[in-house]
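Reminder, nothing fancy here: chain letters follow the sequence lines and each chain counts from 1.
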Amino acid sequence: MPTERVLERVIRESSRKLLAFLAARSGDLAAAEDALGEALCAALMRWPQSGIPASPEAWLLTAARRQLIDQHRHDSVRARAAPDLLAAADQAMNALDGQTVFPDERLKLMFVCTHPAIDPGARTPLMLQTVLGLEAADIAAAFLLKPATMGQRLSRAKNKIRLARIPFDIPEAKALPERLEAVLEAIYGIYGIGWEDAASENLPERSLVNEALELGELLIRLLPEQAEPQGLLALMRHCEARRPTRRDAQGRYVPLSEQPTGRWLKPLIDDADRLLANAAALQQPGRFQLEAAIQSVHNRRLITGRTDWPSIAALYDGLASLAPTLGVLVARAAARAEVDGADVGLELLATLPKPACTAYQPYWALKARLLAKQGQNEAARTAFEEASRLSQDAACRAFLQQQAGQLD
Amino acid sequence: MHYTILIHETAEGFAARSDNQQRDAYWAGTMAYLRALKEAQVFVGGAGLQGPETSTTIRFEQGRQLIQDGPFAETKEQLGGYFIIDVANLDAALDWAARFPQRPGLVVEVRPNLPND
């Protein structure tokens, strides 16, 4: 009997591609979600007893189709969307029957969410909901909004897609850069969520990481002449290469500087560097290529045995002028501290925007480390405590408390 | 699918229609646009409207009709005309809307029409 976790993962993974296909072909995201939603409920009831079917997609699609036909017979209001959706379901049936690979329309779904005709506040939430299947309530929490407000925003956006007939397509050249940026951000966001929570290597979150990698690969195949998608995939692969050493055997957090390079995944690193070289040849510098280059320098420690901090600091300087996010600015302060000393790092930290950085865990963790280096133990301890308080991850919290403890 | 392109004009835009210096350029641009719509076979209908000072509004209050001089809202831009076009999707409609001759302060709005059936 499949465990709940495996069940959840299979349902999520098989339903996302189906949703993307049905929405892209019918133009009606909300109706496609409704039809699939019922099928997912049926799967959750049946599969624990019957086991996972050989083709989960085909099972879900058959259930959704049956649902649509029933609706068409009984419900005049909701049935208005049915003909287009039913036609889409038939096409999906054919695609599943044939020998061909089931078309993956998830990127089209992501791009439609970035359309300028959609409320800017709904774009990222819509991507998270439709491409990842996150619950509206969870998305609301992440955006600090009431679930009802978020629900309304999402359904208004879906309505607009259907009524104004916003095309499910890859944007033309002139609109591409801006909309591509949003898609790249979202994929990296997906990877980030998976990375943060994958500490315990549990299945659903691992699948978020895999999903991000998969979407990154898809994007490159779709837009081979764009450099930034290759930069993004290189970045994610460089990070993945260090996955085996992020935690020790007891599950404790291990900082990058202390990770044993012998267990890093060399093929992933080589692959990422190849991508980065391809991207560079396209001569379109960008944020993700810089981030990937930084990770590439870190990973070169596998070969050279040392970290080239001057290169990393220089790359962060470039990144800070291109994308001065809080994360980048704190990481740049850390790199500068390695090159020019703890006092320079602390000076840079002091220039960060005030209320925002005081709620940011890495700010406090770095500040603590630099203060400790200067021998300011009392101030360092306070900063470690603040960092630990802001940390979501238990292993990370334990590490910070241990560091604070070593100050005595 | 039918979309309506709504042209919102400023007071200066309305004034340009009858201004000796600007009149020719104003109408030449609009007529060229109309021709392009027709040549591309996307034109369904449309009209240019007289200025808002010619508008009359009817409100219904407690079962009574109140007829008043003026447009329904006193905004800086006022509806100056519209085109109904038949194209595949919003992107195609936006492309056409963006081709309307630009003037300072002019705002173009695109709305999908209700289906006819």
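With rounding to the nearest 0.5 angstrom, the CE atom of A:Met93 is 7.5 Å from the CG atom of A:Leu96.
For the pair B:Tyr3 (side chain) and B:Leu90 (backbone), a donor-acceptor distance under 3.5 Å is present. For B:Arg111 (side chain) and B:Thr4 (main-chain N/O), no donor-acceptor pair under 3.5 Å exists by modelled atom type.
Aromatic ring orientation, B:Tyr33 versus B:Trp96: perpendicular (interplanar angle above 60°, classes split at 30° and 60°).
Within a 6.0 Å radius of CD in A:Glu178, no more than 12 heavy atoms belonging to other residues, nucleotides or ligands are found.
Proximity to chain A is limited to the side chain of B:Leu94, based on heavy atoms less than 4.5 angstrom apart. Using a 4.5 Å cut-off between heavy atoms, B:Ala88 contacts chain A through its backbone alone, with no side-chain atom that close.
In this structure, a donor-acceptor pair under 3.5 Å is absent between the side chains of B:Gln78 and B:His8.
Heavy-atom neighbours of chain B within the stretch residues 163-176 of chain A, taken at a separation under 4.5 angstrom, comprise A:Leu163, A:Ala164, A:Arg165, A:Ile166, A:Pro167, A:Glu172, A:Lys174. Residues of residues 35-51 of chain B never come closer than 4.5 Å to chain A when only heavy atoms are counted.
Residues A:Glu105 and A:Lys108 are paired through a salt bridge, judged by an N-O separation under 4.0 Å between the basic side chain and the carboxylate. The residues A:Arg287 and A:Glu185 are annotated as salt-bridged, a charged nitrogen and a carboxylate oxygen being separated by less than 4.0 angstrom. Using a 4.0 Å cut-off between charged side-chain N and carboxylate O, A:Lys160 and A:Asp119 make no salt bridge. Using a 4.0 Å cut-off between a side-chain N of Lys or Arg and a carboxylate O of Asp or Glu, B:Glu9 and B:Arg103 qualify as a salt bridge.
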